[in-house]
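What follows is a single structure, written as structure tokens, with notes after it.
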Amino acid sequence: MDQFNTTYLNLLPVGSNLDCSRSNSYYTGHENISSNLIPVVAAMIFFMQLGFSFIEGGTISLGGVTNILIKNILSTTVAIIAYYAMGFAFSFGSDNLHSGSPFLGQNGFFFTGVGQCTHKLILYYFGYAAGSVSIISGSLGNRVTLLSSTIYSFIYVALIYAVSVHWVWSPHGWLRIGANSVQFVDFGGASSVHMVGGVAALVGCILIEPRRERFASSKFISPPAHSIPLVALGTWFLGVYLLFTNSAPTYILDISEDAQGALINVSMFNTMICMSASFLSYVAWMKLSKAPVVFTQACNSFVCGGVAASSNSPFVAPWACCIMGICATFMYISLRNIVQRKKVDDVVNAFSVHFGGALTGLVLAPWFLNNKGIVYSGSMDSFMQLGWNLLGVAAIIIWSGTTSFILFLSLKLTKVLRVPEYYLKSGIDFLEHGQPAYIFSHHVIPEFNQLLRSSGRSASLSIDEHSGSRFQGGKELTVNPSSQHQRYGEGGRANHYPNALRSPLYPQPSHNSFTANRGSIRDVYEDDDEDDED
């Protein structure tokens, strides 16, 4: 052996002759060649963050795209640290395969004492954690502060999500152990990923309160998605993500490689059947109801069907997946209508999609399980399976709802949960980040003029080919195309406005270092708020 190999072999964190077949870990015996593909599967699951980013970025208002994208990356990076520090320990921490708490993992914090054979699955389970916390990010949208995003992402992954995973997937979890030979059926994370995230998202939306314009009148107002193509791309990415998450657990089953391959194919095909049935049932229902087929809602139905399949996709027949997909659509529509009637502002309908799909799958799984479901056998064990699944659903809802309520209420009482209202009205990208996603003046100017009119100002903003943008009516905003600084002439007070107010007719400077004067913009909104109160 040459010196190069010797040097690096001495640095390996695992033994070069590692044999997991002799390991007393959770995953004993999974040493076939397919288990080496687990990191590839984990990377594909992690890839779904693109889907969340596209959907949320396309759905959110034009002035908040940068903000929501930053929060997506923020929640993911915080989740990595949280999972490393505490999440994995609370999910799977135990001394060995034969002993452990049924309610909470007890060791393995910062991966200390974690067996070498377990390392290959750490990234795999983290992918699920990152996906679950992104559900909350999308539902809250631009309303939540960066500080509270950091706090809730860490606590959610480290504790709320981790405990539910322990119950459902750990060999010691009380739902997985079951009772009287009946176990909780959740193969792909319907409860531990989607349901727990959906409940937390709903609680956060209730406590953070809605955007003012969404329920400004007695009728629900749905702000339009600013980019339908982004929503479409995100939907396809999430579809691919669901194909992997619903079939990925087969990689840790102690079965032959051929059986593993067959099970993966069945799982992916059933997932596609469920998503297709859900999408088509939404389109058909809208046409029968003589209602518009809203693209974003059709995409949500598509994803909801895939979530419904996550509980049991390898273990049911394709015809059963069709029924589950149809039921998932009507569950989604019903929950969405209820949420809107209660004036809860869920930006991307994350609760209706993920909770609704998960609930459908978990309730219908005991009916359609191959050979053992209620439809096939009608035995006492099959009805006990239904009862055990319902018990697990109730436990997940209570756990996630209670802990999320404490978390978000604490953030609200400390006044760090929600951004100021003028941030949302004037564009949080401008004030929080100084870097709007789009430099399109023809989008920004109408919104700014509407703001001025609503505040009783007679001024208006327009484009002048020679001097840039300016206020008409005594209040002037001069935009100098060759300078970062724009001045707003009112009482001699100088303000600096973002680049998005510039005319696209002029080139942009090579650097971007403006400072937004938040005081003057705050004055406009606070005056408007006072008028509303009067």
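Here the shortest heavy-atom pairing between Y83 and S91 reads CE1-OG, 4.5 Å. Across every non-hydrogen atom of C321 and I273, the tightest pair is CB-CG2, 3.7 Å. Among all heavy-atom pairs drawn from M86 and A158, the shortest one is CB-CB, 3.9 Å. What you find for G138 and V347 is that their closest heavy atoms are O-CB, 3.4 Å. For the residue pair F302 and M275, the shortest heavy atom distance occurs at O-CG, 3.4 Å. In plain terms, the two heavy atoms of A248 and I45 that are nearest each other are CB-CD1, 4.1 Å.
Atom NE2 of H354 sits about 11.0 Å away from atom CD1 of I136, to the nearest 0.5 Å. With rounding to the nearest 0.5 angstrom, the OG atom of S281 is 11.0 Å from the CG atom of L288. Here the straight-line distance linking atom CD1 of I428 with atom CG of N67 works out to 4.0 Å at 0.5 Å rounding. To the nearest 0.5 Å, atoms CG (N142) and OG (S61) are separated by 5.5 Å. Expressed to the nearest 0.5 Å, how far CG of L140 lies from OG of S149 amounts to 7.5 Å. Between the CH2 atom in W399 and the CG atom in L159 there is a gap of 4.5 Å [rounded to 0.5 Å].
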Candidate pair F187 and W169, rule ring-ring contact (aromatic ring centres under 6.0 Å, His included), full reasoning | CA-CA 9 Å; F187 189 71; W169 281 340; 8.9 Å; no
Derivation of the salt bridge (charged side-chain N to carboxylate O under 4.0 Å, His left out) call for E209 and K412 | CA-CA 10 Å; E209 301 178 357; K412 184 174 183 177; 3.3 Å; yes
Mind running side chain to side chain contact (heavy atoms under 4.5 Å, CB included) on I73 and Q49 for me, showing each step along the way?
-> CA-CA 8 Å; I73 299 175; Q49 292 297 339; over 6 Å; no
Could you walk me through whether T150 and F154 pass side chain to side chain contact (heavy atoms under 4.5 Å, CB included), step by step?
-> CA-CA 6 Å; T150 303; F154 187 95; 5.7 Å; no
Trace of the side chain to side chain contact (heavy atoms under 4.5 Å, CB included) decision for F237 with M48 = CA-CA 6 Å; F237 276 119; M48 57 81 198; over 6 Å; no
Given S267 and S247, is the side-chain hydrogen bond (donor to acceptor under 3.5 Å, both in side chains) satisfied, shown in steps?
-> CA-CA 5 Å; S267 177; S247 60; 4.6 Å; no
Evaluation steps, side chain to side chain contact (heavy atoms under 4.5 Å, CB included), between I55 and T59 | CA-CA 6 Å; I55 287 181; T59 304; 4.1 Å; yes
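At least one donor-acceptor pair closer than 3.5 Å links the side chain of D186 to the backbone N or O of S191. Remark: side-chain polar atoms of N389 are paired, donor with acceptor, to backbone N or O of V185 under 3.5 angstrom. The backbone N or O of I60 lies less than 3.5 Å from a partner atom in the side chain of H226, making a donor-acceptor pair. At distances below 3.5 Å, at least one donor-acceptor pair connects side-chain atoms of D429 with backbone N or O atoms of V65. Between the side chain of Q260 and the backbone N or O of T250 there is at least one donor-acceptor pair closer than 3.5 Å. When atom types are taken as modelled, the side chain of H166 and the backbone of S101 share a donor-acceptor pair closer than 3.5 angstrom. Using modelled atom types, one side-chain atom of W388 and one backbone atom of L175 make a donor-acceptor pair closer than 3.5 Å. No donor-acceptor pair closer than 3.5 Å links the side chain of R336 to the backbone N or O of S352. Side chain of S311 to backbone of A190: no donor-acceptor contact under 3.5 angstrom is found. Remark: side-chain polar atoms of S310 are not paired, donor with acceptor, to backbone N or O of G306 under 3.5 angstrom.
F88 has its ring centre no less than 6.0 Å from the ring centre of Y125. Remark: aromatic rings of F184 and W174 are distant, center separation not under 6.0 Å. Annotation: W319 is in aromatic contact with F368 [ring centroid separation under 6.0 Å]. The distance between the ring centers of H172 and F103 does not fall below 6.0 angstrom. The aromatic ring centroids of F90 and F109 lie less than 6.0 Å from each other. A centroid separation of 6.0 Å or more is found between the aromatic rings of Y156 and Y152. If you look at F47 and Y241, their ring centroids are not closer than 6.0 Å.
No donor-acceptor contact under 3.5 angstrom links the side chains of S75 and S153, judged on distance only. Counting only N and O atoms by type, the side chains of S278 and T329 include a donor and acceptor under 3.5 Å apart. Side chains of Q385 and D381: a donor-acceptor N/O pair is absent below 3.5 angstrom, by distance only. Between the side chains of T271 and N246, at least one donor N or O sits under 3.5 Å from an acceptor N or O. Side chains of D346 and S139: no donor on one and acceptor on the other come within 3.5 Å.
With a 6.0 Å radius and a threshold of 12 heavy atoms from other residues, nucleotides or ligands, F279 has its CZ atom at or below the threshold. Heavy-atom contacts from other residues, nucleotides or ligands closer than 6.0 Å to CH2 of W367 number 12 or fewer. The 12-atom threshold is not exceeded at NZ of K372, counting heavy atoms of other residues, nucleotides or ligands nearer than 6.0 Å. Within 6.0 Å of atom CZ in F111, more than 12 heavy atoms from other residues, nucleotides or ligands are found, so the atom counts as buried in its surroundings.
For E421 and R143, the salt-bridge test fails: no basic side-chain N is under 4.0 Å from an acidic carboxylate O.
Each of L359, V307, V303 was evaluated against H194; a single residue qualifies, V307, per the side chain to side chain contact (heavy atoms under 4.5 Å, CB included) test.
Checked against salt bridge (Lys or Arg N to Asp or Glu O under 4.0 Å), R176 has no partners two or more places apart in sequence or in another chain.
No side-chain heavy atom of W236 sits less than 4.5 Å from a side-chain heavy atom of C299.
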